[in-house]
Amino acid sequence: MKISSEKSQQIFAAAQSLMPGGVNSPARAFGAVGGTPLVIDRGEGAYIYDVDGNQLIDYIQSWGPMILGHKHPAVMESVETALTKGFSFGAPTVGENELAELIIEAVASVEKVRLVNSGTEATMSAIRLARGFTGRDVIVKFAGNYHGHVDSLLVAAGSSAATLAVPDSPGVTAGTSQDTLILTYNHSEEVRQAFEQHGDRIAGVIFEPVVGNMGCVIPDHEFLQTLRDCTTASGALLIFDEVMTGFRLAYGGAQQIWGITPDLTTLGKIVGGGMPIGAYGGRADIMNHILPAGKVFQAGTLSGNPIACAAGSATLRELRDNPPYQQLEEMSLKLASGLQQAAEASGQQCCVQRVGSMMTIFFHPGPVKCWEDAAKSDTEKFGRYFWGMIENGVYLPCSQYEALFVSAAHTEKDIQTTIDAAVNVLAGI
Ligand SMILES: *Cc1c(COP(=O)(O)O)cnc(C)c1O
């Protein structure tokens with residue numbers, strides 16, 4: 001590696017004796033690309049600085065939350081004010097109303113919302129609610145979609161056939177996952193067949209309305225409409241997992257751009273502005289089944305945490321009052337076409353898939369429409385591309401199967417620097 005990484009190496013070596021794999025979340029260990037992760041010291045706008053003093057253009061942005069860039073002044077100010085009042089009370093605070101109101105105003109399908117502490121908690125609670133509300137057991141999910149580490153959702157079918165799922169992780173029992181039905185993303189016919197066969201047992205369908213977690217994969221309109229039609233006809237709930245897409249693709253989320261109304265929506269990432277948070281919401285008649293309004297149990301000591309609410313509310317207010325979406329679209333379009341051209345000029349078989357400020361360069365000719373397609377990517381080449389980009393000062397998601405994020409802090413110059421780096425790197429791998 002050309003950039004210096006002595007301190008990162010030392011700290012990460014120590015981390016490995018302290019935490020499993022040296023990390024608190026597996027992707028950070030760089031397992032998919034090899035080598036030692038950079039240990040980050042601080043962030044500023046579109047940049048992060050590691051402990052060896054390297055400055056990198058950051059396209060991870062904490063895996064999505066930092067849509068305004070690191071240390072945005074309005075978010076800093078809101079958090080600093082909240083900090084002076086104390087961290088947590090386990091009692092109602094006005095900050096919760098503020099964030100809930102912002103979410104309800106922004107996301108058309110959300111009439112009531114419950115704040116939790118992570119995206120995982122949001123999806124776990126939403127599927128419990130779907131089951132409690134419908135009195136049915138089966139949840140449909142799609143191979144390659146990630147909904148956090150909820151036991152019953154930690155399943156991805158090895159084949160595209162509609163099968164009742166086998167667990168993906170040791171520790172997830174067959175019993176837990178037996179009510180999860182795995183289908184192929186963008187495959188409307190499988191969805192119709194699953195509802196014909198199991199319709200009266202299906203409580204809900206959960207999916208990513210633009211997938212980020214197998215790289216950026218875009219749903220066909222027909223697929224979206226089929227999900228809505230089949231769930232409506234059978235009385236199942238349609239759950240948009242907008243933990244990544246919410247407030248990123250548009251202020252109203254993916255549901256705004258696709259024009260499809262879900263019954264429940266899960267949120268996270270941007271709604272916390274970089275603090276730990278999650279949320280799930282939807283039709284009031286469904287949400288009123290949650291304790292203490294209803295009987296579906298869900299609780300949290302730190303839920304609606306005042307500091308997290310302050311960071312989230314400031315982020316959403318900024319997105320509402322100074323919408324960056326046009327700028328994000330322009331910067332992201334420039335980046336995507338620059339990457340595609342760089343790939344073509346270098347003779348690499350690549351396709352760049354993008355919606356708004358989420359995108360992936362697949363080392364696969366494309367199009368990538370489902371997990372089976374994505375799995376054919378040349379991940380070793382991606383690893384060489386990833387390290388080449390780091391050496392050129394660009395910090396990308398450390399896996400072929402993650403989307404990169406452009407933030408409102410990325411300037412035209414940052415984008416051009418990134419494209420120039422890609423031209424170099426792609427020509428030499
Ligand atoms: C990140 C993510 C989650 C999980 O959120 P955590 O806060 O990491 O628990 C769930 N669903 C999607 C679509 C995500 O991108």
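Below, each value reflects all heavy atoms present in this structure, side chains not excepted, and no hydrogens, waters or symmetry copies. Whatever order the structure lists them in is the order used to number ligands and atoms, beginning at 1.
- At the top of the distance list for atom 6 (P) of ligand 1, counting protein heavy atoms only, stands G119 N, 3.4 Å.
- Taking every heavy atom of N213 and a limit of under 4.0 angstrom, the matching atoms of ligand 1 come to 12 (C), 13 (C), 14 (C), 15 (O).
- The closest non-hydrogen atom to atom 8 (O) of ligand 1, taken over T120, T266, V211, comes from T120.
- Annotation for ligand 1: atoms under 4.0 Å from non-hydrogen atoms of E208 are 13 (C).
- Heavy-atom proximity to S118, at under 4.0 Å, picks out these atoms of ligand 1: 7 (O), 9 (O).
- Between the Q256 side chain and the A108 main chain, no donor and acceptor come within less than 3.5 Å of each other.
- Remark: side-chain polar atoms of S8 are not paired, donor with acceptor, to backbone N or O of L38 under 3.5 angstrom.
- Looking at residues two or more places apart in sequence or on another chain, you find a salt bridge (Lys or Arg N to Asp or Glu O under 4.0 Å) between R192 and E189, E222.
- Scanning all protein heavy atoms for the shortest distance to atom 11 (N) of ligand 1 gives D241 OD2, 2.7 Å.
- Dense packing is recorded around CD of Q16, with more than 12 heavy atoms of other residues, nucleotides or ligands lying under 6.0 Å away.
- Heavy-atom proximity to G148, at under 4.0 Å, picks out these atoms of ligand 1: 3 (C), 4 (C), 10 (C).
- In this structure, atom 3 (C) of ligand 1 lies nearest to the protein heavy atom V243 CG1, 3.7 Å.
- Taking a 4.0 Å cut-off on heavy atoms, H149 fails to register as neighbouring ligand 1.
- The ligand atoms of ligand 1 that sit less than 4.0 angstrom from a heavy atom of Y146 are 11 (N), 12 (C), 13 (C).
- With respect to E121 and R128, no salt bridge is recorded, no charged nitrogen being found less than 4.0 Å from a carboxylate O.
- Between the CG atom of D414 and the CD1 atom of I57 there is a distance of 4.5 Å, given to the nearest 0.5 Å.
- Among pairs with a residue in residues 286-296, those fulfilling side chain to side chain donor-acceptor pair (under 3.5 Å) read K112-N288, at least two apart in sequence or across chains.
- Ring geometry, F142 versus Y185: the interplanar angle exceeds 60°, so the pair is classed perpendicular (tilted spans 30 to 60°).
- Closest to atom 14 (C) of ligand 1 by heavy atom, among M244, H147, K269, M124, is K269.
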